[in-house]
Amino acid sequence: MEIRDLKSLARFSPEKMAKIPVFESERMFFDLYALLPGQTQKVHAHEGSDKVYYVLEGEVVVRIGEEEALLVPGMAALARAGEAHGVRNESANPALLLVVMAPKP
């Protein structure tokens, strides 16, 4: 059995958004994204994979396709395969997200 303490894995980097692997298999990945104020994940797409962003702490603006929305703790957004997507932290506080992608690109 694999168990991870997400709080102990979380770390922030002043240089760029931190992507912290939690679980990974041949079929999916499950990461933490840690964004300090002003940090972003550039908009990009994955042709054969769906991605879910789930906010644990803080708030982020998520872009999926041509739409944007503010996500706060407890909210999730789905980027289906082929849809352009990204997140940015426009707030004054750090943000921590769970990110799941399947199948793994």
Side-chain angles (χ1 to χ4, degrees):
M1 178 184 304
E2 295 181 56
I3 298 173
R4 303 285 187 274
D5 177 1
L6 300 182
K7 288 285 191 184
S8 71
L9 293 175
R11 66 182 184 284
F12 293 86
S13 168
E15 288 81 39
K16 64 179 184 174
M17 177 192 83
K19 292 174 81 172
I20 303 130
V22 178
F23 296 111
E24 187 173 337
S25 75
E26 298 168 355
R27 293 168 295 285
M28 64 78 123
F29 76 71
F30 183 94
D31 289 348
L32 287 173
Y33 286 11
L35 296 94
L36 290 171
Q39 291 182 333
T40 66
Q41 176 194 42
K42 70 178 183 166
V43 175
H44 63 287
H46 306 278
E47 287 307 315
S49 301
D50 295 335
K51 183 183 278 185
V52 175
Y53 295 103
Y54 177 80
V55 179
L56 292 170
E57 298 176 5
E59 61 183 47
V60 294
V61 175
V62 63
R63 178 176 173 185
I64 298 175
E66 297 301 316
E67 296 183 79
E68 291 189 343
L70 179 67
L71 300 183
V72 298
M75 295 177 75
L78 170 65
R80 296 187 186 276
E83 287 185 307
H85 58 276
V87 294
R88 64 184 185 272
N89 183 351
E90 294 181 347
S91 77
N93 299 305
L96 189 62
L97 289 74
L98 288 175
V99 179
V100 179
M101 183 183 286
K104 184 178 158 190

What distance do Tyr53 atom OH and Leu97 atom CG have between them, rounded to the nearest 0.5 Å?
-> 8.5 Å

NE2 on His85 to NZ on Lys42, rounded to 0.5 Å = 11.0 Å

Looking only at heavy atoms, the pair that brings Lys19 and Pro21 closest together is O-CD, 3.6 Å

Residues at least two apart in sequence or cross-chain that pass salt bridge (charged side-chain N to carboxylate O under 4.0 Å, His left out) with Arg88, listed by chain then number, are Glu68, Glu90

Do the rings of Phe30 and Phe23 sit parallel, tilted or perpendicular, given the 30° and 60° boundaries?
-> tilted

If you count the non-hydrogen atoms of other residues, nucleotides and ligands that lie under 6.0 Å from NZ in Lys16, is the total more than 12?
-> no

CZ on Arg63 to CD on Gln41, rounded to 0.5 Å = 12.5 Å

Locate the shortest heavy-atom distance separating Asn89 from Ala95; write the atom from each residue and the value.
-> ND2-N, 3.6 Å

Of all the heavy-atom pairs spanning Leu6 and Leu98, show the shortest one and how long it is.
-> CD1-CD2, 3.6 Å

If two hydrophobic side chains count as joined below 4.5 Å and joins carry through other members, does Val55 share a cluster with Leu32?
-> no

Single-linkage hydrophobic cluster Val62~Met75, side-chain heavy atoms < 4.5 angstrom = yes

Joint cluster assignment, Leu9 & Met28, ILVMFWY side-chain distance < 4.5 Å = yes

For Ile20 and Ala10, which heavy atoms make the closest approach, and how far apart are they?
-> CD1-CA, 4.3 Å

Gap between atom CZ of Phe29 and atom CE of Met101 - 0.5 Å precision | 4.0 Å

For residues Arg4 and Val22, report the shortest heavy-atom separation together with the two atoms involved.
-> NE-O, 3.2 Å

For the hydrophobic clusters of this structure (ILVMFWY residues joined by side-chain heavy atoms under 4.5 Å, transitively), does one cluster hold both Leu71 and Val99?
-> yes

Between the side chain of Thr40 and the main-chain N/O of Val87, is any donor-acceptor distance below 3.5 Å?
-> no

Minimal non-hydrogen separation, Gly48 against Ala81, with atom names = C-CB, 3.9 Å

Rest of the hydrophobic cluster containing Ile3 (Ile/Leu/Val/Met/Phe/Trp/Tyr, side-chain heavy atoms under 4.5 Å)?
-> Met1

Transitive ILVMFWY side-chain link Val72 to Val60, under 4.5 Å | yes

Who pairs with Ala76 by side-chain contact (heavy atoms from CB on, under 4.5 Å), at least two apart in sequence or on another chain?
-> Val52, Tyr54

